[in-house]
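Encoded as structure tokens, the structure appears first; notes follow it.
Residue numbering restarts at 1 for every chain, and letters A, B, ... go by the order of the sequence lines. Everything numeric in this text was worked out from a predicted model, so none of it was measured.
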There are 2 protein chains.
Amino acid sequence: MTRARAAVLSALEASAEPLSASRVVGKLEGVCDQATVYRALHYLEEARLAESFVLYCSQHGVERYYASSKAAHRHWFHCESCHRFVDLGACRLGGLIADVEKEMGLRVSRHTLYLSGICADCAAHADCSAHAVKAAP
Amino acid sequence: MTRARAAVLSALEASAEPLSASRVVGKLEGVCDQATVYRALHYLEEARLAESFVLYCSQHGVERYYASSKAAHRHWFHCESCHRFVDLGACRLGGLIADVEKEMGLRVSRHTLYLSGICADCAAHADCSAHAVKAAP
DNA sequence: GGTATATTTGCAAATGATTCGCAAATTGCC
DNA sequence: GGCAATTTGCGAATCATTTGCAAATATACC
């Protein structure tokens with residue numbers, strides 16, 4: 001494991017939510033180059049040390065988000081108001097996927113699931129004011 | 001509904017699988033411009049006449065795929081060998097999403113799920129030859 | 001039906017995330 | 001510690017998608 005890859009992995013591990021490639025690049029400003037971050041993310045995913053999914057968000061557009069694979073495979077909720085992720089805990093799709101594999105004769109090797117909407121915090125604020133506030137920068 | 005939007009919608013309705021924006025642009029070559037196709041796709045999604053999701057595929061990279069909303073909300077399997085989609089039928093996540101909403105106090109307004117792996121056809125070919133053949137162009 | 005106003009379209013260029021080529025630096029191995 | 005293999009930095013390229021603006025089309029109104 002090279003220094004750059006270790007730095008990228010620990011950035012992912014230190015985060016409570018998935019990070020976009022560009023945020024990792026930002027966090028590693030001065031540590032390693034943007035191209036290196038992208039290459040390291042590919043390497044980590046290949047090595048099963050990280051997982052990723054592509055998400056569109058009105059604030060950030062289409063970006064790929066990465067999370068360390070230290071914990072069990074899990075899914076996330078994305079708040080459309082504050083643009084943060086909420087951890088939904090370990091994946092609960094095992095049964096559904098096994099059913100689909102059997103029904104349709106497929107071999108499922110990976111899956112992407114995420115939910116989006118309004119998180120509890122933003123919903124609470126919306127109860128008092130007309131609209132949820134925009135996320136802080 | 002303008003002519004361009006109708007053309008884009010009928011391209012989606014005529015397709016058995018979700019189409020990437022660029023494939024819609026290709027199908028409507030000479031009918032309307034690429035920028036118009038993108039704008040029409042946004043319009044159709046806003047108007048709830050179409051649904052979309054962003055998918056990464058080794059052959060096509062990151063692209064947004066669109067499907068007409070004529071049928072019930074559904075999910076797809078993406079074959080990593082032939083790069084086609086398999087229709088998995090109507091969404092079965094209702095219960096899971098309701099559980100998560102209750103448990104975590106979230107308001108889920110949309111979700112993205114897709115599975116990927118090897119489809120039945122490609123798996124059958126792989127049984128005879130060493131590797132599944134690449135998709136025809 | 002004919003015209004004024006609002007919306008949509010085409011075109012070409014911009015944008016933003018991601019990737020690539022290549023020379024220099026780092027790593028893993030003996 | 002020295003060398004071949006791999007990785008990194010830098011800058012430029014790529015690709016999907018978006019945008020500005022003038023022309024064309026749609027919709028509202030008379």
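Nucleotide C:dT19 holds its P atom 10 Å from the CG atom of A:L41, rounded to whole Å. B:E46 places its CD atom 15 Å from the P atom of C:dT7, with the value rounded to the nearest Å. Summarising the geometry, the separation between CG on B:D33 and P on D:dT17 is reported as 15 Å, rounded to the nearest angstrom. Distance B:Y43 OH to D:dA26 P: 13 Å, rounded to the nearest Å. If you take CD of A:E45 and P of C:dT19, they are 11 Å apart, rounded to a whole angstrom. The separation between B:Y38 atom OH and C:dA12 atom P is 17 Å, rounded to whole Å. Rounded to a whole Å, the CG atom of B:L55 is 14 Å from the C1' atom of D:dA16.
Comparing B:R3 and A:H42 along DNA chain C, the residue whose closest nucleotide (by nearest heavy atom) sits nearer the 5' end is B:R3. The residue among A:Q34 and B:M1 whose nearest nucleotide of DNA chain D is located toward the 5' end is A:Q34.
Side-chain contact between A:S109 and B:I118: absent, with no pair of heavy atoms (C-beta onward) separated by less than 4.5 Å. B:E51 places none of its side-chain heavy atoms less than 4.5 Å from the side chain of B:F53.
For the pair B:R64 and A:Y56, the cation sits on the ring face: its NZ or CZ lies under 6.0 Å from the ring centre, inside 45° of the axis.
Residue A:V31 is in sugar-phosphate contact alone, with no base atom involved, counting any heavy-atom pair closer than 4.0 Å across all strands shown. Nucleic acid contact class of A:A4 (heavy atoms, under 4.0 Å, all strands): sugar-phosphate only.
Regarding contacts with the backbone of D:dA26, every side-chain N or O of B:T2 stays at 4.0 angstrom or more from both OP1 and OP2.
The pair B:E13-B:K27 fails the salt-bridge criterion, with no side-chain N (NZ, NE, NH1 or NH2) lying under 4.0 Å from an Asp/Glu carboxylate O. Salt-bridge annotation for A:R5 and A:E45: absent, with no side-chain N of the basic residue lying under 4.0 Å from a carboxylate O of the acidic one.
The side chain of A:R5 approaches D:dT7 more closely than any other nucleotide in the set C:dT9, D:dT17, D:dT7. Comparing D:dG9, D:dC21, C:dA17 by their closest approach to the side chain of B:R39 singles out D:dC21.
B:H111 and B:H75 share a side-chain donor-acceptor pair at under 3.5 Å.
A heavy atom closer than 4.0 Å to some atom of DNA chain D occurs in B:A21, these being the qualifying members of residues 7-27 of chain B.
Side-chain rings of B:H60 and B:H78 stay apart, their centers remaining 6.0 Å or farther from each other.
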